[in-house]
Amino acid sequence: MPRILLLYASTEGQTALIAERIAHTLREKAHSVDMLPADTDPARLDPAVYDAVMVGASIHYGRHPAYLRTLIRRHRDALAARPCAFFSVSLSAGGPRPKPAAAQRYLDKFLRQTGWQPQLTGSFAGALKYSRYGPIKRRVMIVFVGLGGGNTDTSQDYEYTDWDAVERFANTYAQSLKPA
Ligand SMILES: Cc1cc2nc3c(=O)[nH]c(=O)nc-3n(C[C@H](O)[C@H](O)[C@H](O)COP(=O)(O)O)c2cc1C
């Protein structure tokens, strides 16, 4: 049974939810999955002990987290030797006014900066979680989202993730892994 490391970098929790759904789908296909936050103590993270690695991260202010770039660079050789997948989560990838070209640019920039070439990549729409934002972040998001014609009623949260697309991504990855 291939052993998969599934790392996720999530600030408000949507990427973690997506990673959970992917882990569930991979486990249904009889894969063993260790799902860990990417900011886990680096001493506890060793991609080299896994058969395959998937990483998911969200976009804030046009970037994936800096600590994730450092982590990927540190483990570049181990990653290059394994079947890998990367998914990016943003509001550009979906929502009321999607900007798929911008979502693709975020993803491409991250891979260029890290020198990582995962075999499978995907961009998923995230969520607007006003209930999780502090007052400053809420104000920033009202402006940012309002400019794009999105939902600025902060009395509720909005989820845009296409869960069927997430399942398809997980299934494609599962099929690409040889039984150990
Ligand atoms: C402060 C802040 C900045 C954001 N900046 C961007 C951005 O530059 N581009 C974009 O497409 N989405 C942006 N988003 C949307 C997030 O990518 C989206 O909310 C995602 O679901 C967050 O995932 P997480 O909950 O796993 O952190 C931003 C969200 C917040 C809260």
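Both counts, for ligands and for their atoms, begin at 1 and track the order of listing.
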| OG on Ser90 to NE2 on His60, rounded to 0.5 Å | 10.5 Å
| query | Just heavy atoms, cut-off under 4.0 Å: does Lys129 contact ligand 1 by side chain, backbone, both, or neither? | reply | neither
| message | Among all protein heavy atoms in this structure, tell me which lies nearest to atom 27 (O) of ligand 1, with the distance rounded to 0.1 Å. | response | Thr11 N, 2.7 Å
| Is there a heavy atom in Tyr160 that sits closer than 4.0 Å to ligand 1? | no
| task | Determine whether more than 12 heavy atoms belonging to other residues, nucleotides or ligands lie under 6.0 Å from atom CZ of Arg73. | result | yes
| Ile59 heavy atom under 4.0 Å from ligand 1 | yes
| message | Restricting to side chain to side chain contact (heavy atoms under 4.5 Å, CB included), what partner residues turn up for Ala165, sequence neighbours left out? | response | Phe124, Asp162, Arg168
| field | Under 3.5 Å: N/O of Lys137 near N/O of ligand 1 | value | no
| request: May I ask which of Ser58, Gly95, Gly62, Ser88 has a heavy atom nearer to atom 23 (O) of ligand 1 than the others do? | output: Ser58
| note | Checking heavy atoms under 4.0 Å, the part of Phe144 that sits near ligand 1 is side chain
| said: Quick check on the hydrophobic clustering: are Met54 and Leu7 connected, directly or via other members, by side-chain heavy-atom contacts under 4.5 Å? | reply: no
| query | Salt bridge check: are Arg3 and Asp34 linked by an N-O gap of less than 4.0 Å? | reply | yes
| message | Suppose we measure from atom 3 (C) of ligand 1 to each protein heavy atom; which comes out shortest, and what is that distance? | response | Tyr61 N, 3.6 Å
| note | Under 4.0 Å between heavy atoms, the region of Met141 that gets near ligand 1 turns out to be side chain
| query | Near Asp77 CG, under 6.0 Å, is it more than 12 heavy atoms from other residues, nucleotides or ligands? | reply | no
| request: Could you name the option among Ala127, Gly148, Gly126 that has the heavy atom nearest to atom 19 (O) of ligand 1? | output: Ala127
| said: Once ring pair (Phe, Tyr, Trp, His ring centres under 6.0 Å) is applied, what residue pairs with a partner in residues 137-166 remain, sequence neighbours excluded? | reply: none
| said: Within the structure, is a non-hydrogen atom of Tyr8 found at a distance of less than 4.0 Å from ligand 1? | reply: no
| remark: re atom 9 (N) of ligand 1, the protein heavy-atom contact at minimum distance is Tyr106 OH, 3.0 Å
| Would you say Phe87 and Val89 make side-chain contact, with heavy atoms under 4.5 Å? | yes
| CG/Leu17 to CD1/Ile22 distance, rounded to the nearest 0.5 angstrom? | 11.5 Å
| field | Selected option - heavy-atom contact closest to atom 15 (C) of ligand 1, from Val89, Leu91, Asp157 | value | Leu91
